[in-house]
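Everything below concerns the one structure shown next.
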Amino acid sequence: MLIASSSSTTAGSTTAPAYVTRRSQGAALRGARRSRALVGLPCGSSTPGPRPADPVRESSLGAATSPLPIEASRFRGAPAGWNRWSGYAALVSLLSDEDETFLKDLNQNLTHGPLEPGDPRYVAFESLPEAKDTVGLDNVRLLERYIKRSAPGRMVYLNGLRGCGKSTQLLRLRQNLKDAGYAAVRIDLMDYLYPDQPPEITEFLFYLAGGIADAVVAAGFAPNKGRAGGLWHSLTEWLKGLPPRFDIQTQATGTIAVPMPLGLDLDVDIRAALREDAAFVAKLRRFLDGRLQVLEDQVNRHVGHIAEEVRKASSTTGRGAKGLVVLVDSIDHVRGRDFKATRDALHTLLVSNSDLIRLKDCWTVMVIPPYVRPGVPGERRCVNVRVSSPNSSDPYRPGIDALKQLVSLRVPNGETSRFLEDSQLERLIGLSGGSIRDLMRLLIEIELQTDELPASNDTIERSIQAVRQQFLPLADDVRECLRRVASRHDIGLESEDEGWEQIFSLLSRHMILGYPNHEEWYDIHPLLRPYLDGEDGEDGE
């Protein structure tokens with residue numbers, strides 16, 4: 001990119017624009033910053049200062065007759081009301097078309113979701129030096145081992161904080177099991193759940209059976225579809241065949257069931273109705289109340305047929321001969337309107353009714369929220385990457401180096417130094433607290449704000465503050481809770497305690513982060529440390 005630099009020697013006359021190459025862009029930018037300061041706009045600020053009394057416009061030839069020494073050949077990012085003809089404070093972007101392509105590719109790499117193990121951007125943290133103290137035990141290896149050594153019908157849990165890579169670990173587990181000869185499929189329950197309320201066992205069994213059918217067909221483990229492809233229709237037909245009932249209220253006896261025409265419109269798409277129609281879900285719960293054993297038997301019968309079709313297909317496809325493994329993701333994303341009601345419902349579903357949702361002819365791996373602790377063999381837990389130690393501000397080098405490797409694989413062509421200096425990157429990793437998601441947020445904010453490469457310290461500071469503001473303001477009770485966690489490195493709660501609502505909210509928002517060690521420990525997000533004392537905004541870094 002070329003930048004035109006022009007100045008005026010006499011009023012009304014212009015000099016020919018002098019062009020500078022990319023090698024001298026840094027000097028040009030410094031000149032622009034000095035010029036902005038002259039008109040009351042501090043370097044790095046987006047707020048215009050006082051306007052000069054007689055700003056000089058550009059001539060018809062496009063050369064500025066303003067006392068400012070630089071005009072940007074491409075003007076972008078100026079505050080409202082500013083333009084390249086105002087002559088008194090043009091903002092300068094030193095990004096070439098090549099730079100813009102670099103930043104576009106970077107943005108897409110940073111905003112990508114869970115990565116498959118074969119993705120060139122995937123970092124095998126479990127294989128890094130000192131992995132156990134950096135990211136904890138290798139959950140995938142242990143879950144895979146548990147499945148290989150047990151019989152079908154086992155259910156295990158993957159438990160952990162949001163944003164610490166559970167979905168990526170599930171994808172790795174799925175690939176490892178496929179390579180080992182299993183028909184491993186992943187179900188994202190957010191494709192099926194009614195979003196505003198936690199599921200009860202009635203509709204959950206439908207989600208489970210239908211999701212397995214969809215996933216098996218999509219993955220090609222049952223190429224002829226058969227019972228798998230028609231499972232939703234089969235479930236509907238099964239419902240229609242049940243004896244009809246209708247619940248009515250009586251003053252004397254309360255609720256009684258009276259034979260009546262079926263109170264469900266089963267000509268609808270049951271999959272869509274479960275996802276979108278709360279009234280239908282409520283009717284289905286009432287209709288199947290007291291029939292859970294019948295429903296469990298029917299779902300197991302359907303899934304058993306699917307598992308058998310997978311085994312038969314394996315003789316011709318060569319895939320899935322060792323059996324069906326179902327990986328159930330995203331139930332930890334369920335929120336509901338009331339935390340206690342949501343927590344109680346999920347605890348009832350996943351712990352109290354675990355025998356009813358366990359499928360007899362396949363293995364099931366279930367991702368669950370951290371406040372549900374089944375306490376069963378095979379339960380694994382995900383944590384953040386350790387970048388420091390309890391009671392110490394010293395960086396933990398293995399964790400820092402691991403996240404530097406992650407960033408290098410996300411930056412196009414591994415040109416990290418083109419985007420950030422090494423010291424800047426290490427500081428950002430420390431401020432992320434080892435949360436991969438928050439590190440991505442910091443890098444995306446810098447990528448969006450930067451007008452030069454590598455990003456300036458001013459841009460980095462503004463970006464850090466922009467991400468920090470997403471956590472603020474802090475209520476007094478939140479501040480007190482954070483102080484307690486920061487001093488004890490423990491959340492200090494059992495799964496039954498009422499304080500879980502606040503703790504889980506802070507964990508979900510990444511204001512509290514969990515780490516591996518010989519025993520799991522917690523700390524507050526580094527971006528919040530300046531705000532533990534005093535009022536927000538008065539005690540920043």
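The shortest side-chain heavy-atom distance between Val383 and Val135 does not fall under the 4.5 Å cut-off. Annotation: side chain of Cys481 is in contact with side chain of Ile503 (closest heavy-atom distance under 4.5 Å). Side-chain atoms of Glu116 and Tyr122, non-hydrogen and from C-beta on, never get closer than 4.5 Å to each other. A heavy-atom distance below 4.5 Å is not found between the side chains of Leu359 and Leu324. Put simply, the side chain of Leu171 does not reach to within 4.5 Å of the side chain of Leu327, judged on heavy atoms. Contact check for Val328 versus Val367: no side-chain heavy atoms found under the 4.5 Å cut-off. Proximity of Val407 to Leu403: side-chain heavy atoms (C-beta onward) are nowhere separated by under 4.5 Å. With contacts defined as side-chain heavy-atom distances shorter than 4.5 Å, the pair Ile357/Val299 does not qualify.
For the pair Lys404 and Asp422, the salt-bridge criterion is met [side-chain N within less than 4.0 Å of a carboxylate O]. With respect to Arg285 and Glu203, a salt bridge is recorded, a charged nitrogen being found less than 4.0 Å from a carboxylate O. The pair Asp138-Arg172 meets the salt-bridge criterion, since a charged nitrogen lies less than 4.0 angstrom from a carboxylate oxygen. Ion pairing between a basic and an acidic side chain is recognised when a charged N comes within 4.0 Å of a carboxylate O; Glu296 and Lys360 show such pairing. For the pair Glu126 and Arg141, the salt-bridge criterion is not met [side-chain N within less than 4.0 Å of a carboxylate O]. Salt bridge annotation for Glu309-Lys312: absent, with no cationic side-chain nitrogen under 4.0 angstrom from a carboxylate oxygen. Taking 4.0 Å as the cut-off between side-chain N and carboxylate O, Arg529 and Asp523 count as a salt-bridged pair. Residues Arg121 and Asp119 are paired through a salt bridge, judged by an N-O separation under 4.0 Å between the basic side chain and the carboxylate. Taking a cutoff of 4.0 Å between a charged side-chain nitrogen and a carboxylate oxygen, Asp344 and Lys340 qualify as a salt bridge.
With no hydrogens or angles considered, a side-chain donor-acceptor pair links Asp179 and Gln175 at under 3.5 Å. In this structure, a donor-acceptor pair under 3.5 Å is present between the side chains of Arg154 and Tyr146. In this model, no donor atom of one side chain and acceptor atom of the other lie less than 3.5 Å apart for Asp438 and Ser432.
Arg343 forms no cation-pi arrangement with Phe504, by the criterion of a distance under 6.0 Å to the ring centre and an angle within 45° of the ring axis. Under the 6.0 Å distance and 45° angle rule, Arg418 counts as a cation-pi partner of Phe102.
Screening Glu445, Arg441, Arg509 against Gln470 for a side chain to side chain donor-acceptor pair (under 3.5 Å) leaves a single residue, Arg441.
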Item to complete: Evaluate the criterion side chain to side chain contact (heavy atoms under 4.5 Å, CB included) for residue pair Ile368 and Leu346; output intermediate values, then yes/no.
Response: CA-CA 9 Å; Ile368 60 176; Leu346 290 180; over 6 Å; no

Practice prompt. Show the numbers, then the answer: is there a side chain to side chain contact (heavy atoms under 4.5 Å, CB included) between Arg319 and Ser314?
Written response: CA-CA 5 Å; Arg319 304 168 66 220; Ser314 68; 5.8 Å; no

Item to complete: Check the pair Val385, Ile429 against side chain to side chain contact (heavy atoms under 4.5 Å, CB included), reporting the backbone distance first and the verdict last.
Response: CA-CA 10 Å; Val385 180; Ile429 289 173; over 6 Å; no

Item to complete: For the pair Gln293 and Asp297, evaluate side chain to side chain donor-acceptor pair (under 3.5 Å) and give the outcome as yes or no after the intermediate values.
Response: CA-CA 6 Å; Gln293 189 62 58; Asp297 291 343; 3.2 Å; yes

Discussion item. Between Asp191 and Tyr207, does the side chain to side chain contact (heavy atoms under 4.5 Å, CB included) criterion hold? Intermediate values first, please.
Written reply: CA-CA 9 Å; Asp191 293 337; Tyr207 302 144; over 6 Å; no

Worksheet entry | Steps toward ring-ring contact (aromatic ring centres under 6.0 Å, His included) verdict (Phe206, Tyr192) | CA-CA 9 Å; Phe206 278 91; Tyr192 300 93; over 10 Å; no

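We find the CD-CG distance between Glu415 and Leu420 to be 13.0 Å, quoted to the nearest 0.5 Å. A distance of 11.0 Å separates CZ of Arg145 from CG of Leu143, quoted to the nearest 0.5 Å. Arg386 contributes atom CZ, which lies 13.5 Å from atom CZ of Arg397 (distance to the nearest 0.5 angstrom). To the nearest 0.5 angstrom, Arg186 atom CZ is 6.0 Å from Ser330 atom OG. Atom OG of Ser388 and atom OH of Tyr515 lie 5.5 Å apart (nearest 0.5 Å). Once rounded to the nearest 0.5 Å, the distance linking OG1 of Thr134 with OH of Tyr396 reads 4.0 Å.
For the residue pair Leu513 and Gly433, the shortest heavy atom distance occurs at CD1-O, 3.5 Å. Closest approach of Ala184 and Arg174 over heavy atoms only: O-CG, 3.5 Å. Residues Val185 and Ala219 approach most closely at CG1-CB, 4.2 Å, considering heavy atoms. Of all heavy-atom pairs between Leu442 and Leu428, the closest is CD1-O, 3.7 Å. In terms of heavy-atom proximity, Met511 sits nearest to Phe471 at CG-CD2, 3.5 Å. Pairing each heavy atom of Leu142 with each of Arg380, the nearest pair is CD1-NH2, 3.3 Å.
The main-chain N or O of Arg484 is found under 3.5 Å from a side-chain atom of Ser487 such that the two form a donor-acceptor pair. A donor-acceptor pair under 3.5 Å is formed between the side chain of Trp363 and the backbone N or O of Ala151. Ser315 contributes no side-chain N or O that, together with a main-chain N or O of Arg311, makes up a donor-acceptor pair within less than 3.5 Å. In terms of modelled atom types and a separation under 3.5 Å, the side chain of Thr450 and the main chain of Glu447 share no donor-acceptor contact. A distance-only check finds no donor-acceptor pair linking the side chain of Asn109 to the backbone of Val411 [under 3.5 Å]. A donor-acceptor pair is defined here as one N or O able to donate and one able to accept, closer than 3.5 Å; such a pair exists between the side chain of Gln424 and the backbone of Glu421. Panel note: side chain Asn176, backbone Glu144; no donor-acceptor pair is recorded below 3.5 Å. Listed for the Asp338 side chain is a donor-acceptor partner under 3.5 Å among the backbone atoms of Ala341.
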